[in-house]
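Atoms within each ligand, like the ligands themselves, are counted from 1 in listed order. Positions are given from 1, in the same order as the sequence printed here. The shown structure was predicted, so the numbers you read here are calculated from the model rather than taken from an experiment.
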Amino acid sequence: MKLKPVTIVGAVAVAALAASVLTLAPAIASDKSAVTADPSTQTLRELSARHGLHLGTAVDLAALSDADDPQYRSLVASQFSTVTAENVMKWDALEPTRGTYNWGPADELVAFAQKNGQRVRGHVLVWHSQIPTWLTQGVEDGTITKDELRDLLKKHITDVVTHFKGKIWQWDVVNEAATDPWDSPSNIHYKGFWAENLGPEYVADSFRWARAADSKALLFYNDYNIEAFGDGGETDKTTFVYNMVKQLRADGVPIDGVGSQGHLGTQYGNYDALQASAALKRFTDLGLATAFTEVDVRSEMTEEVKAGTSSEVNPRLQASAANYSALLQACLSNRHCLSFTVWGFTDKYSWIPNWSEDKEGLANIYDENYQPKRAYNMMRADLAFSGPPSVQPRIAQKPKR
Ligand code: 9MR
């Protein structure tokens, strides 16, 4: 995936806090004991419970099962109330060989979540990336026809949703279906393996198949760079996604929510809390729930940063924290924003260095040694020092017919 911001619509800085949606009024709580406790001793999980908000993390299954790293496991359990499989529920992980499912690691995560009273976000049913080679090769060499491909997609969704039926709170049904403005042509359009082979109808079909397999899970469309609206024109990805989900709703397609990933970088302009809040509102005015699903805020790793030069590192930590805060405040401001998930919580296991060839890093809320960073404390402050009238408890979303 390429990630690069398109629209620089405003600086996120400490100013985001000034224009904050927070108030200092006492919180209305879903959990009263959480309100009376001292916030400085409370976890993200406890503080978010005040608002009925689920605070989540993506989980790296190798780290979770590493006996030499008990801290990873214990922080997943203590700090978070929802988990997402970073990779083990993707098609290539679940069905590496045609017809043979490998449920083990994904089942392990679900069992861990159940043991720790956590909800599970299912990620991901349909994406152009991380699909098995037998599938892409079969299409390429013609041994899988287009009709068969559609049947295979239906079977995949049905099998996976049925396997996890009753255990998944929100499913990312379709992920990243839209192009970016830096693609050619620059007007936003459907992209990738599924659109190229099945046409854009695959999106509606996928939601219908998922609903048929589990009538209770909330079904989400999930994408990046949709944290705020741009100019509303042909190259505005958020507008494209908005029009797409509006049309799906109008057509009676069972979509319940939009997931905004939130992969940001401190080298870009990004958004303030009010811009992100306004975007959530437009989606929720359509009758949809929202969630931030993959939040991390990376920075450029110059030689000075790598050497730990504090005058270079500190502004990055501060800017990263301000971005986490802007998105969290936006989520808090909207009663239909059900969960806020970070894409991994420690720099120890972040996908960013690998993807950026070590040019970027520092994206998570704990450092590589599990020391909480500014972002962690800023998030806790946002959760602790917020309440009515701007921040009200969540309103549960019911699956649409
Ligand atoms: O974090 C995931 C990383 O470990 C994988 O190598 C990568 C493969 O594309 O996918 C990462 O997760 C992606 C998520 O599933 C969808 N949105 C973008 C995430 C970051 O690329």
Taking the minimum heavy-atom distance to [atom], which of [options] ranks first?
{"atom": "atom 11 (C) of ligand 1", "options": "Glu294, Met89, Lys90", "answer": "Lys90"}
{"atom": "atom 16 (C) of ligand 1", "options": "His128, Gln130, Glu176", "answer": "Glu176"}
{"atom": "atom 13 (C) of ligand 1", "options": "Trp127, Trp351, Tyr224", "answer": "Trp127"}

Taking only heavy atoms of [X] into account, list the atoms of ligand 1 that are under 4.0 Å away from them.
{"X": "Trp343", "value": "1 (O), 2 (C), 12 (O), 14 (C), 15 (O), 19 (C)"}
{"X": "Ser129", "value": "9 (O)"}
{"X": "Glu86", "value": "1 (O), 2 (C), 3 (C), 4 (O)"}
{"X": "Gln261", "value": "17 (N), 18 (C)"}
{"X": "Asn87", "value": "2 (C), 3 (C), 4 (O), 5 (C)"}
{"X": "His263", "value": "18 (C), 19 (C)"}

Part of Trp355 within contact of ligand 1 (heavy atoms, under 4.0 Å):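 The answer is neither.
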With heavy atoms only and a cut-off of under 4.0 Å, state how Asn354 meets ligand 1: side chain, backbone, both or neither.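 It is neither; nothing of Asn354 touches ligand 1.
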I'd like to check Val160 versus Glu95 (side-chain heavy atoms, cut-off strictly below 4.5 Å). Are they in contact?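 Not touching, per the 4.5 Å side-chain cut-off.
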Could you check if a side-chain atom of Met301 sits within less than 4.5 angstrom of a side-chain atom of Leu362, using non-hydrogen atoms only?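 Side chain of Met301 against side chain of Leu362, heavy atoms only: contact under 4.5 Å found.
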Does NZ or CZ of Lys237 lie under 6.0 Å from the centre of the six-membered ring of Tyr224, at an angle within 45° of the ring axis?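 The answer is yes, since Lys237 meets both limits relative to Tyr224.
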Decide whether a cation-pi geometry holds between Arg374 and Tyr324; the criteria are a distance under 6.0 Å from NZ or CZ to the six-membered ring centre and an angle within 45° of the ring axis.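 No - Arg374 does not lie over the ring of Tyr324 by the 6.0 Å and 45° rule.
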Decide whether [X] and [Y] meet the rule of one side-chain donor and one side-chain acceptor closer than 3.5 Å.
{"X": "Gln170", "Y": "Arg121", "value": "yes"}
{"X": "Asn364", "Y": "Thr346", "value": "no"}
{"X": "Asp251", "Y": "Gln247", "value": "yes"}

Does Asp151 come within less than 4.0 Å of Lys155, counting only side-chain N to carboxylate O?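 No.
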Taking N or O atoms only and a 3.5 Å limit, does Asn175 qualify as a polar contact for ligand 1?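 N/O-N/O distance below 3.5 Å does not exist for this pair.
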I want to know if ligand 1 touches His123 in the polar sense, i.e. an N/O pair below 3.5 angstrom.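 N/O-N/O distance below 3.5 Å exists for this pair.
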Atom pairs and distances, side-chain donor-acceptor, residues 62-77, under 3.5 Å, sequence neighbours left out:
{"from": "Ser65", "atom 1": "OG", "to": "Leu61", "atom 2": "O", "distance (Å)": "2.5"}
{"from": "Asp66", "atom 1": "OD1", "to": "Asp68", "atom 2": "N", "distance (Å)": "2.8"}
{"from": "Asp69", "atom 1": "OD1", "to": "Tyr370", "atom 2": "OH", "distance (Å)": "3.2"}
{"from": "Asp69", "atom 1": "OD2", "to": "Lys348", "atom 2": "NZ", "distance (Å)": "3.0"}
{"from": "Asp69", "atom 1": "OD2", "to": "Tyr349", "atom 2": "OH", "distance (Å)": "2.5"}
{"from": "Asp69", "atom 1": "OD2", "to": "Tyr370", "atom 2": "OH", "distance (Å)": "2.8"}
{"from": "Tyr72", "atom 1": "OH", "to": "Asp60", "atom 2": "N", "distance (Å)": "2.9"}
{"from": "Arg73", "atom 1": "NH1", "to": "Leu64", "atom 2": "O", "distance (Å)": "2.7"}

